[in-house]
Amino acid sequence: MIISGRVWKYGDDVNTDVIYPGRYTYTLITEQEMGNHALEDLDPIFNREGGKGDIIVAGKNWGCGSAREQAVKCLKARGIGAIIAKGFSRIYYRNCLNEGLPTVVCPEVVDCIVNGEEVSIDFGSSVIRTSKGEFPFTPYPDYVRGLIENGGLLPYVKKMLREQGKLET
Amino acid sequence: MGKTFAEKVLGRAAGKSVSAGDVVTIQPDFCMCHENAASVYKTFQEIGTKKIWDSSRIVIILDHTVPASTEAYANIHRIIRKLAVEQGIEHFYDLNHCGGICHQIMCQEGYAAPGLVIIGTDSHTCTQGAMGAFATGIGRSEMAAVWATGQIWLKVPESMKIILKGSFQPGVCAKDLILKIIGDVKSDGADYMSIEFHGDCIEGMSISERMTLCNMAVEMGAKNAVCRPDERVDISLQGRAKSSNYQKIWADSDAQYAAELFYSLDEIEPAVSKPHRVDNYAKASQLAGTKIDQAFIGTCTNARIEDLRIAADILKGHRVAVRTIVNPASYKVYRQAVEEGIVQTLLDAGCTINHPGCGPCIGVSGGVLGDDEVCISTGNRNFRGRMGSRNSFIYLGSPMTVAYSALCGEIRDPREVFVG
């Protein structure tokens, strides 16, 4: 799998409240509506223009704060292809895997990437290609790779339940 | 080599010996949701499953948008009430005399207990480690998968040992300690870790104080936090424990830690977290003169009877200088506050008493901030836009600091009350 796209670059410790504001959290809005509020309190320009195939590049601890998975879903709904960061907060990272949004932890590359450039993530050979060269990253463990390749936790669970005969095929 | 709390609890749940870094698949003892149960249920149905794997392990507590302030919230509640009936959820806390803030109910009503594994669709689920449980937050889709399969995978975390010595000076409490620790460790300093609070002085702390410590562990990135379960926990669970599976578990003395920290409680000063980061630590005394528009005493961090007592002691016989909102942690706490005369004192001081729940903390009801407004809160997060306008400012402090600041109309060090 290769994901290429234009970069939106952010700093350290970006929290879930500015990725997806709490005021929209407890209404069952559609994924498209979630996308409309993505990064609303962080970056109004992204909120207007960010979209399909783009890649988010962030500092350490991206997604700290709430367990709300809409902070992942809203980016997925916008068509964000992947997030590269120096690090992720635990629940956010878990939500990304479960939602099938590819994440890459690669502290070395983040400072070299500039806002707006095109980068490419090659999950097959585990390298990120940038204007400043190639940077290797540690690939997912097999279990996680299975989740991402199946499109996330829910398709994975459905498949598992079908195999166990607990769901009608 | 000895094992940490996390290694022991997750090993017990997995039925084998495990070490930090291992991945285990286990059945949680309890699965907690609040209003997001409606979303969980929708996803659960999309999976195609009909019946929750074990409805007796599901706990649903309405607390974020209660009583419903909009039609949309009312409809969320309606879906959850229907779900509770359809799935036979006996542990359902609607808006009534039994309910309150989810983590408060989990501890108060005997769900959280030593050695249990509890997952919740709220990041502050780690609060429940105050009762000796391994409790951690997860997302909604993941909860739907657990409802369908009864299983969750968890990585056994590395652990951080925080050793506490001494006792607090007058005017200082557990909230000041945890704000100081977060200020030192920073918001990602305990990422993916299990935090263990050690030291004899934990035994001297109430369950309420332990809940305050464990509650904010997630603000350092921790997976869970825990205090050693002791007789206070036994007493708290007497006649209330909702599971017979519990067992007091604690780390071995020769367990391996990724980090060890020491704090002397005597040296802790009243602390305030400045906007817009929880790790933006300051001493309350350094912020004297910072004008506030609102004071808020509430949330899963500091809205228990002990917290309301502290506030009432400071406010008794005085009038607050700014609008001051109080949300008790539960109806049981509210009732006790009425019986003890605390509510009367708070009303006489000019406070607004809201229903139990946590609406103001996430800016959905009962105390939302407008542009340029400044609030001092007993809550756990001061992120931009959290309590309303993205142009407002949230400071976090202890119930003492918040109550005294409410009287002064500006942030002030509450030790001034205790002088002389």
Side-chain angles (χ1 to χ4, degrees), chain A residues 12-19 21-29 40-42 44 59-73 86-100 141 143-144 147 152-158 160-162 164 166-169, chain B residues 23 34-36 38-39 42-43 46-49 64-65 70 72-73 75-76 79 120-125 136-145 148-149 153 155 157 186-188 191-193 218-223 276-279 361-364 368 381 383-388 390:
Chain A
D12 293 339
D13 303 309
V14 173
N15 66 67
T16 48
D17 281 80
V18 294
I19 301 173
R23 52 188 172 273
Y24 309 119
T25 305
Y26 298 103
T27 45
L28 285 178
I29 60 179
E40 190 172 275
D41 284 349
L42 177 69
K60 68 182 178 70
N61 204 23
W62 172 269
C64 59
S66 169
R68 73 184 68 138
E69 70 186 17
Q70 298 96 316
V72 173
K73 281 194 165 181
K86 289 185 181 175
F88 292 83
S89 88
R90 185 191 75 86
I91 303 176
Y92 195 92
Y93 190 70
R94 205 169 167 108
N95 283 337
C96 281
L97 302 183
N98 290 332
E99 295 301 324
Y143 176 81
V144 172
L147 269 184
L153 180 68
L154 294 183
Y156 187 78
V157 165
K158 279 186 199 177
M160 192 177 85
L161 289 173
R162 269 194 213 100
Q164 292 171 356
K166 292 178 182 166
L167 267 192
E168 290 170 17
T169 48
Chain B
V23 173
H34 42 67
E35 272 83 342
N36 52 30
S39 171
K42 186 163 172 273
T43 308
E46 282 167 10
I47 292 172
T49 33
H64 277 57
T65 60
T70 67
Y73 295 151
N75 280 321
I76 295 286
I79 291 167
T121 44
D122 188 282
S123 59
H124 292 106
T125 300
T136 193
I138 61 166
R140 299 170 175 190
S141 295
E142 184 147 34
M143 183 61 88
T149 65
W153 68 270
K155 189 169 168 184
K186 297 296 176 193
S187 64
D188 64 339
D191 244 0
Y192 301 93
M193 285 191 203
V218 73
E219 311 310 333
M220 303 179 254
K223 184 168 195 158
H276 299 283
R277 300 175 56 114
V278 184
D279 59 8
C361 176
I362 52 153
V364 295
V368 175
R381 286 200 179 125
F383 299 154
R384 185 185 285 280
R386 184 167 174 88
M387 289 183 73
R390 75 183 301 280

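In the text below, chain A, chain B and the rest are named by the order of the sequence lines, each starting its count at 1.
For the set B:Arg384, B:His64, B:Glu46, B:His34, the entry with the most heavy-atom pairs within less than 4.5 Å of chain A is B:His64. Residue with the most contacts toward chain B among A:Gly22, A:Ser66, A:Cys64: A:Ser66 (heavy-atom pairs, distance under 4.5 Å). Options A:Val72, A:Thr27, A:Asp41 differ in how many heavy-atom pairs under 4.5 Å they form with chain B, and the most are formed by A:Asp41.
Looking at A:Phe88, both its backbone and its side chain come within 4.5 Å of chain B, counting heavy atoms on both sides. Residue A:Asn95 touches chain B through its side chain alone, counting heavy-atom pairs closer than 4.5 Å. Both the backbone and the side chain of A:Thr25 come within less than 4.5 Å of a heavy atom of chain B. Neither the backbone nor the side chain of A:Gln164 comes within less than 4.5 Å of any heavy atom of chain B.
A distance of 7.0 Å separates OH of A:Tyr26 from CD of B:Glu35, quoted to the nearest 0.5 Å. The NZ atom of A:Lys86 sits 11.0 Å away from the CG atom of B:Asp188 when rounded to the nearest 0.5 Å. For the atom pair B:Glu219 CD and A:Ser89 OG, the distance stands at 10.5 Å (nearest 0.5 Å). Rounded to the nearest 0.5 angstrom, B:Arg381 CZ and A:Thr16 OG1 are separated by 6.0 Å. Atom OG in B:Ser123 sits 5.5 Å away from atom CD1 in A:Ile91 (nearest 0.5 Å). Atoms NZ and CD1, from A:Lys166 and B:Ile47 in turn, are 12.5 Å apart once rounded to the nearest 0.5 Å.
Taking the charged nitrogens against the carboxylate oxygens, B:Arg386 and A:Asp17 do have a contact shorter than 4.0 Å, which makes a salt bridge.
If you check the side chains of A:Asn98 and B:Ser141, you find no donor sitting under 3.5 Å from an acceptor.
Of the residues listed (B:Arg277, B:His276, B:Lys186), the one engaging A:Asp13 in a side chain to side chain contact (heavy atoms under 4.5 Å, CB included) is B:Arg277, and it is the only one.
By the 4.5 Å heavy-atom criterion applied to side chains, A:Arg94 and B:Trp153 are counted as neighbours. Taking 4.5 Å as the limit, some side-chain heavy atom of B:Thr136 sits within range of a side-chain heavy atom of A:Arg90.
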